[in-house]
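Computed over heavy atoms, backbone and side chain alike; hydrogens, waters and symmetry mates excluded. Throughout, a chain's letter reflects where its sequence line sits, starting with A, and its residues are numbered from 1.
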Amino acid sequence: MSDLHTVNKSPFEKNSLDSCLRFSKAGSAILLYEDGVYGALKGTAVENLIASAVGDKKVYVLGPDFKARGLADDRMIDGVEVVDYAGFVDLVEANDKVQAWV
Amino acid sequence: MKFSIQVNEGPYQHQASDSAYQFTKAALEKGHECFRVFFYHDGVLNGTRLTTPPQDDRNIVNNWTELAEKYDLDLVVCVAAAQRRGIVDEGEAERNGKDATNIAPRFRISGLGQLVEAAIQSDRLVVFGD
């Protein structure tokens, strides 16, 4: 029994990432995509939010969206995993349900 | 596995229509089934055939139509959201006394019950939008 949570807005624009991290249970998967990928950057005000979640939750970033914003992989927080659209589909399949934090 | 997709955001607004399209395409290419794509709120604007983006830009509406043709998708536009935003098919034009239609090929207008049914009939419902 695990859920996939998706976050598509930047943590500097909305508090959906913060809500997602507060309400999601340990063992959940969290996918950052669209502007949500900014949450996976090192050296930002919200870095600790993600870095501390990586322990008991799995955090993923949609690679094409990260790349589309000109971000290099070495700027990504350690422990965050990169997936493509096929990987996004696999995450939806592997978890029991999907919660979009919009 | 059987998926349904909900799109709540208009095309060319942020990225939700593109994400939903790319996700649906990837799922179908992996051999999954798509029970229905439901367009709600500004998402209904994905269903107007009058869209004319610049030639070097993607045509999101045509992308949906082509994907629907290839995989026989059920693209459903919410009727109440469509009426508010001027998305019209033959039946709606007749009912509301409009002089034109603009629904894109392979799209159809129906009610919210179609979303509920999609949620019940599918293994997963994935929501895209603001």
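- The pair B:D74-B:R36 counts as a salt bridge, with a side-chain nitrogen and a carboxylate oxygen less than 4.0 angstrom apart.
- When each of B:V127, B:T24, B:D130 is checked for heavy-atom pairs under 4.5 Å with chain A, B:D130 comes out on top.
- Classification of the B:F3-B:F23 ring pair by plane angle, with boundaries at 30° and 60°, yields perpendicular.
- Among A:T6, A:D65, A:D35, A:D84, the residue making the largest number of heavy-atom pairs under 4.5 Å with chain B is A:D65.
- In terms of heavy-atom pairs under 4.5 angstrom with chain B, the leader among A:N8, A:V92, A:L62, A:L4 is A:V92.
- With salt bridges taken as basic N to acidic carboxylate O contacts below 4.0 Å, none links B:K2 and B:D123.
- Side chains of B:Y40 and B:V7 form no contact here, defined as non-hydrogen atoms less than 4.5 Å apart.
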